[in-house]
Amino acid sequence: MAELTLFLREYARTRQDVGAIAPSSARLGRALTRYVIPSPGRPRAVLEVGPGTGAVTRHIAGSLGRLDTLDLIEANPRFADLLRQTYAGDPRLRIRTGLVQEHELGSYDTIVCGLPFANFEARTTQEIFDRLLGALRPGGTLSFFGYVGGETMRRTFADAADRERTFAGLGVLRRILRRHTFRTETVLGNLPPARVHHLVPVSPPVHPERERSCDCREASS
């Protein structure tokens, strides 16, 4: 309850930064961490950007091997403090406060991102994806999500200035999805339902299975 209370308080205080209306469900957490796979052959490095109160972090931590590592970058200092308290005894985790653009990134096998891209300027969206995709090791994956129907809601209720800014950001996001997506899945068991996109650094080959699985019409909330 303390985690939920903190989430709701921060949502009310900094809605533009939090983006979500509730912590991610267990089903969404499993979808986002589908490619967090421990390797018995070598340590693997994972990055989570925008972990919030740690709803998805729990799934990542549960998938880590003994020698794997997890970097967390959280802009909200109150969320970051909660994560430090929760994982104080786990040497595999390193928690950093601030924007992902402010940090020097390492090299990662898997990146999970919970940032509210629908709230960002087009330039910010492009910069973040350039950094995240550039931080992936060969064969690495980047997973993030948006809410089903989010674009329609914004088109209906936003004023003209906000609508123009939002559409510019979503245009950047669609181009990124077309170039880098290899799988998209819809998670109905979340509030609201979400669409998870899995990306790779280079353009995947286009084939019928990808075309059916990648629905880029509503890229993010």
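Just so it is clear, the values below take in all heavy atoms, side chains as well, and ignore hydrogens, waters and symmetry mates.
Looking at heavy atoms from C-beta onward, E74 lies out of side-chain contact with I95 at the 4.5 angstrom threshold. In this structure, R42 and D109 have side chains that are in contact, with non-hydrogen atoms separated by less than 4.5 Å. Looking at V49 and D71, their side chains never come closer than 4.5 Å, going by heavy atoms from C-beta outward.
Here OG1 of T110 is found 10.5 Å from OH of Y35. Values are rounded to the nearest 0.5 Å. Rounded to the nearest 0.5 angstrom, R30 CZ and S24 OG are separated by 12.0 Å. Residue I111 holds its CD1 atom at 13.5 Å from CG of L32, rounded to the nearest 0.5 Å. Between the OG1 atom of T125 and the CG atom of D130 there is a distance of 10.5 Å, given to the nearest 0.5 Å. From N119, atom CG reaches atom OG1 of T124 across 11.0 Å, with rounding to the nearest 0.5 Å. With values rounded to the nearest 0.5 angstrom, L199 atom CG is found 8.0 Å from F182 atom CZ.
In the hydrophobic clustering of ILVMFWY residues, with side-chain heavy atoms under 4.5 Å counting as a link, L99 and L133 come out apart.
The two residues F79 and G52 come nearest to each other via the heavy atoms CB-O, 3.3 Å. Residues Y87 and A61 approach most closely at CE2-CB, 4.1 Å, considering heavy atoms. The minimum heavy-atom distance linking L136 with T141 is given by the pair CD2-O, 3.3 Å. Considering all non-hydrogen atoms of both residues, G54 and L83 come closest at CA-CD2, 3.7 Å. When all heavy atoms are compared, the tightest approach of A122 to A168 is CB-O, 3.7 Å. Closest heavy-atom contact between F145 and A194: CD1-CB, 4.0 Å.
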Check: Run the side-chain contact (heavy atoms from CB on, under 4.5 Å) check on L132 and L105 step by step: do they pass?
Finding: CA-CA 8 Å; L132 295 184; L105 301 182; 4.1 Å; yes
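At a cut-off of 3.5 Å, with distance as the only test, a side-chain donor of T97 or R84 sits close to an acceptor on the other residue.
Between the side chain of H198 and the backbone N or O of S143, no donor-acceptor pair lies under 3.5 Å. At least one donor-acceptor pair closer than 3.5 Å links the side chain of R131 to the backbone N or O of V100.
The number of heavy atoms from other shown groups lying within 6.0 Å of CD (E104) does not exceed 12.
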Could you give the side-chain donor-acceptor pairs of residues 63-70 under 3.5 Å, partners two or more places apart or in another chain?
unit_1	atom_1	unit_2	atom_2	d
S63	OG	H59	O	3.1
D68	OD1	R44	N	2.7
D68	OD2	G65	N	2.6

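Under the side chain to side chain contact (heavy atoms under 4.5 Å, CB included) rule, R27 has a single partner from V196, L188, N190, V187, which is V187. With respect to T33, the side chain to side chain contact (heavy atoms under 4.5 Å, CB included) criterion is satisfied by exactly one of V56, V46, L28: V56. The only member of H197, R34, R195 that meets side-chain hydrogen bond (donor to acceptor under 3.5 Å, both in side chains) when paired with E185 is R34.
Residues satisfying the salt bridge (Lys or Arg N to Asp or Glu O under 4.0 Å) test with R123, not counting sequence neighbours, are none.
Note: F129 and F144 have perpendicular aromatic rings, judged against thresholds of 30 and 60 degrees for the angle between ring planes.
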